[in-house]
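In each ligand, atom 1 is the first atom listed, and ligand 1 is the first ligand listed.
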Amino acid sequence: MKTTLTRALLASALALPLVATAGDFSPYVDAKGGISRPTDFRTGFVHLGSYAVLDEKSAARGLHDVYTEKASAEHYRKTGQFPDGATLVKEIRKLETSAMTTGDPVVWGSDAAVWFVMVKDAKGRFAGNPLWGDGWGWALFKADAPATNAAVSYEADCMGCHVPAAKTDRVFVQGYPTLKPH
Ligand code: HEC
């Protein structure tokens, strides 16, 4: 009986790959580095903080809410680093404005327009994939095609603007109170 059990355990252990494949580290990343949009982040992740772009002429106009996994936020609070596999989601929602009893005008976020996603890769898994580099995988999803990563090259589509945050691992941490220890 004992031998049968040992054999069964050994067989199942051997059936598992000995080295984790590139896609195993994140539920949002496939083996080739394709990134999919987390859909459960509003209830399953923690909210890190918000930026608001109010200028009517700006392409970025909207409320920018940023989320990560609870465990990733806790890891950051302890170490000042995002752990391998951490996911950041920035959801931009359109702005609505109206007078309310708190003051005039009040601005809030309504329908989602786009989602920016970054997945931390501390091991350089996807060398040669133009959507991976500088320690992250980079993706952009638009509301009219939320299953398609609209970014083609992180260097062309993302990095120009994220250079000022180089000292904080490309993340604009100053707007995220959840990451602060107190
Ligand atoms: C026009 C400049 C610009 C471009 C282009 C840009 N970003 Fe950002 N991104 C920012 C700024 C500034 C912030 C923080 C302030 C804000 O949201 O307004 C930010 C924040 C983020 C955040 C939230 C976490 C953080 O880093 O603070 C994610 C995720 C993100 N960007 C992903 C991307 C991805 C992926 C791309 C490319 C597909 C991209 N960004 C392209 C300027 C840009």
Go through Arg125 and Asp84 one step at a time and tell me if the salt bridge (Lys or Arg N to Asp or Glu O under 4.0 Å) criterion holds.
-> CA-CA 11 Å; Arg125 291 172 176 84; Asp84 191 36; 2.6 Å; yes
Cationic tip of Lys90 above Phe116 ring, under 6.0 Å, 45° of axis | yes
Ignoring waters, protein N/O/S atoms under 2.8 Å from atom 8 (Fe) of ligand 1 are His162 NE2
Protein contact to [atom] [nearest heavy atom, distance to 0.1 Å]:
atom	value
atom 29 (C) of ligand 1	Met118 SD, 3.5 Å
atom 24 (C) of ligand 1	Tyr176 OH, 3.4 Å
atom 18 (O) of ligand 1	His64 ND1, 3.0 Å

Residues [X] and [Y] bridged, charged N to O under 4.0 Å:
X	Y	result
Glu91	Arg93	yes
Lys78	Glu74	no
Asp65	Arg42	no

Residues in side chain to side chain contact (heavy atoms under 4.5 Å, CB included) contact with Ser36, at least two apart in sequence or another chain | Tyr28
Set of residues satisfying side chain to side chain contact (heavy atoms under 4.5 Å, CB included) with respect to Val152, sequence neighbours excluded | Asp157
Hey, which atoms in ligand 1 end up nearer than 4.0 Å to a heavy atom of [X]?
X	value
Asp157	5 (C), 37 (C), 41 (C)
Arg170	26 (O)
Val117	35 (C)

Applying a strict 4.0 Å limit to heavy atoms, is Ala139 in contact with ligand 1?
-> yes
In short, Gly133 meets Trp138 closest at the heavy-atom pair O-NE1, 3.1 Å
For Thr102, check side-chain hydrogen bond (donor to acceptor under 3.5 Å, both in side chains) against everything at least two apart and list the hits.
-> none
